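A short worksheet on the structure shown next.
None of these values were measured; they are calculated from a predicted model. What's counted below: heavy atoms across the whole structure, side chains too, no hydrogens, waters or symmetry copies. For this chain, numbers begin at 1 and follow the sequence in order. Numbering of ligands and ligand atoms starts at 1, following listing order.
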Amino acid sequence: MTNTSLWTVIEETPELGNRQAHQETIFTIGNGYLGTRGTYEERYLNEMRTTMIHGVFDDVPVVFTELANSPDWTEMEVLVDGGFFRLNQGKLLAYERSLDLRTGLHRRFVRWRSPRDHTLELTFERFASLADPHLVCLRLKVVSVDYQGPVEVRAGVDGNPDNAGVVHWEWVEQEILSESAWLHLQTRATRLDLAVAVRLAVPEGCHVQGWDVHNHPTLVAEAQLEPGKELVFEKVASYFTGRESSQTVVDAKAALSRLLSPAWETLWQPHEQAWKKEWDACDIVIEGDDEAQLAIRFNIFQLLIAGSRQDDTVSIPAKTLSGYGYRGHSFWDTESYMLPFFTYTRPAMARNLLSYRWHTLPGARRKAASGGYQGAQFAWESAATGDEVTPTWLTHPKDRNALVRIWTGDIEIHISSDVAYATWQYWQATGDDAFLIERGAEVILETARFWASRAEWKADKGHYELNDVIGPDENHEHVDDSAYTNYLVRWHLRTALALVTWLRQHAPEAAQSLFTRLTIDDETLEKWREVSERIVIPYDPNTRLVEQFRGYFQRKDIRIPDYEPRTNSIQYILGIEGANQVQALKQPDVLMLMYLLPEAFDPAVVRANYDYYTPRTDLAFGSSLGPSIQAIMGCRVGQVGEAYENFMRAARADLVDVRGNVRDGIHGASAGGLWQAVVFGFGGLAFGPQGPSTSPSLPPQWQRLAFKVQYHGRTFSFDLRHPTEAV
Ligand code: BGC
């Protein structure tokens with residue numbers, strides 16, 4: 001029997017205060033097409049009622065473009081016993097909200113005494129169909145204990161959703177039909193169509209009335225309730241955008257008219273089946289540690305509802321489809337943190353995500369050209385087109401009247417290799433030659449061309465440098481020869497050369513036309529070889545240390561433990577300039593490199609660098625990308641206790657809101673990193689000529705760790721336990 005507590009996130013009291021926005025993020029549901037935050041059906045002050053649809057970007061000042069909050073489908077106001085049902089009026093006799101991770105069912109049960117002293121039970125349930133991602137469904141059951149009289153339900157679609165005050169939509173048209181309604185909108189700048197159709201199913205004998213409120217069509221129904229009786233109302237909605245439909249209204253209406261009324265049962269079955277398939281492929285079982293068990297499932301759930309199954313032109317935003325942080329932009333978070341999960345469990349979704357980079361090569365080419373470089377340079381923050389959308393200035397974290405210059409869009413350039421790495425890893429894991437030939441190769445080769453033109457030849461020193469960059473550790477800006485960047489560039493150019501050889505052998509015609517189109521000739525290859533051989537590769541054989549960037553060891557040394565106890569990041573405490581001048585890291589940088597390129601560093605080198613960089617890394621309050629990678633490296637050097645501590649930091653990032661910013665959305669990279677920490681860290685998964693194998697180092701309390709991975713089209717199941725002690 002399944003232990004539901006290991007699959008269910010529970011809220012025991014309503015959150016209408018400080019934790020409201022956090023809980024809205026946690027109770028997000030979605031299906032890879034859209035995501036809906038966990039606001040309640042009835043409205044409350046300060047709520048962030050949000051539905052985000054992949055790829056629906058609109059222009060906005062300063063940050064260029066953002067995912068537009070789309071009309072909300074969850075609104076359902078209940079009028080009963082002479083007033084509106086409200087959690088903060090009358091008396092709450094019992095309350096529980098749950099999110100069932102097995103099926104994405106969001107459920108709220110309330111036993112409520114009305115201000116007029118009557119008792120009712122209300123159960124709200126909703127899901128976003130995984131079987132048909134255009135459909136979402138919401139059901140309300142009202143049971144009376146001692147109330148006799150009417151219950152009215154008002155279920156609208158509000159065409160005025162805003163992104164914290166910014167409205168992206170213009171009204172086009174709307175219509176009320178007998179039991180349904182639809183609304184047609186368009187984004188203000190990008191002129192993207194969106195249609196939402198909605199239908200209300202009501203108890204027998206009662207009628208639906210349509211209120212043709214401008215930009216807020218509303219379906220209303222009233223039914224009579226008596227003690228011991230139950231009323232059920234169901235709202236089903238369908239969304240279509242101009243991205244996938246040339247007749248959004250027709251499609252949205254048709255999607256509903258095909259359904260039985262009520263539709264819940266017929267929608268639920270295929271939805272549940274679709275979820276079962278997902279979990280069959282990627283559940284992780286951890287026995288002996290309930291908190292870790294629930295957390296890993298919660299984080300896998302977040303990845304599964306964020307990645308698209310149908311659309312290969314969208315990536316996953318850093319905060320998934322669950323909040324406004326980073327405005328729906330995508331970073332290396334997708335490739336370096338989330339992709340391995342998809343590559344090894346849901347490869348078709350990984351292919352979609354990687355295809356997004358292929359589709360956005362034109363934007364990446366524009367970025368390279370704007371800096372005077374060749375090939376393609378991926379944007380640090382990317383949205384619909386692949387053009388750079390990192391804001392240049394943002395409000396200062398400590399002084400709302402001051403601005404901070406954001407340099408990442410200009411000089412955090414390692415992302416081009418991160419994308420190439422993920423592409424190569426996908427190919428190695430799947431053997432998907434068709435993808436490599438048709439799309440992946442172009443990504444790897446075009447970005448290699450960028451590097452060859454970006455590397456700076458220093459005739460006096462006889463080597464290539466990459467100056468004025470930012471590595472993964474963003475506490476240090478404008479650094480020269482970042483170890484992470486340079487090692488990855490060397491790997492990238494070598495891989496590009498190997499790829500050229502492979503293509504010539506396995507797909508000579510495709511190779512020829514690609515090389516002609518990209519102007520790759522012998523001279524190009526010679527340059528790649530030369531840069532890969534002569535790029536600065538920091539390493540000191542005496543200390544075995546890799547210096548994070550030139551001059552890092554000359555910065556003032558500090559130890560993070562000396563700043564404890566604290567509740568803020570080191571960068572916040574020391575200020576942006578202050579943190580830049582000391583050796584404190586926002587997140588693993590050299591250790592991230594050693595994680596990605598294990599064959600380049602022997603165990604003694606890894607150990608020396610682990611020991612050096614760990615006490616200088618802000619794992620508690622620095623980037624949420626840090627703890628998972630640190631956990632993996634802890635496992636590699638045999639520090640399982642430290643690894644577990646960091647693993648739990650990542651496990652709690654969202655559920656416990658360690659950084660106080662979960663209101664802005666789920667930390668997608670941390671979710672992906674958590675999966676990697678379990679599988680590659682504690683599981684010790686590695687791939688050799690015989691395929692996947694494990695060398696586990698389980699935390700002592702984990703009695704069992706079980707997971708599955710896909711490798712070259714085959715499923716490999718691992719069921720790991722501690723070795724039995726010899727007697
Ligand atoms: C991290 C980056 C990350 C970005 C988006 C920053 O705070 O330092 O590594 O890509 O957040 O999550």
Between Glu412 and His414, do the side chains contain a donor N or O and an acceptor N or O under 3.5 Å apart?
yes

Is it possible for you to check whether Arg449 lies under 6.0 Å from the centre of the six-membered ring of Trp451, through NZ or CZ, and within 45° of that ring's axis?
no

Which option, Phe331, Trp332, Tyr326, owns the non-hydrogen atom nearest atom 9 (O) of ligand 1?
Trp332

Specify the protein heavy atom at minimum distance from atom 3 (C) of ligand 1: its residue, its atom name, and the distance to 0.1 Å.
Asp333 OD1, 3.5 Å

Tell me: protein heavy atom nearest atom 2 (C) of ligand 1, and distance?
Glu474 OE2, 3.6 Å

So for ligand 1, is Trp380 a polar contact partner (N or O within less than 3.5 Å, distance only)?
no

Could you label the plane-to-plane angle of the Trp491 and Tyr421 rings as parallel, tilted or perpendicular, counting under 30° as parallel and over 60° as perpendicular?
tilted

What part of Gln587 sits under 4.0 Å from ligand 1 if we count only heavy atoms: the side chain, the backbone, both or neither?
side chain

His359 and Asp312: side chain donor to acceptor below 3.5 Å
yes

For Asn661 and His667, does a side-chain donor sit closer than 3.5 Å to a side-chain acceptor?
yes

Under 4.0 Å from a heavy atom of Lys586: give me the atoms of ligand 1 that qualify, with their elements.
1 (C), 6 (C), 7 (O), 8 (O)

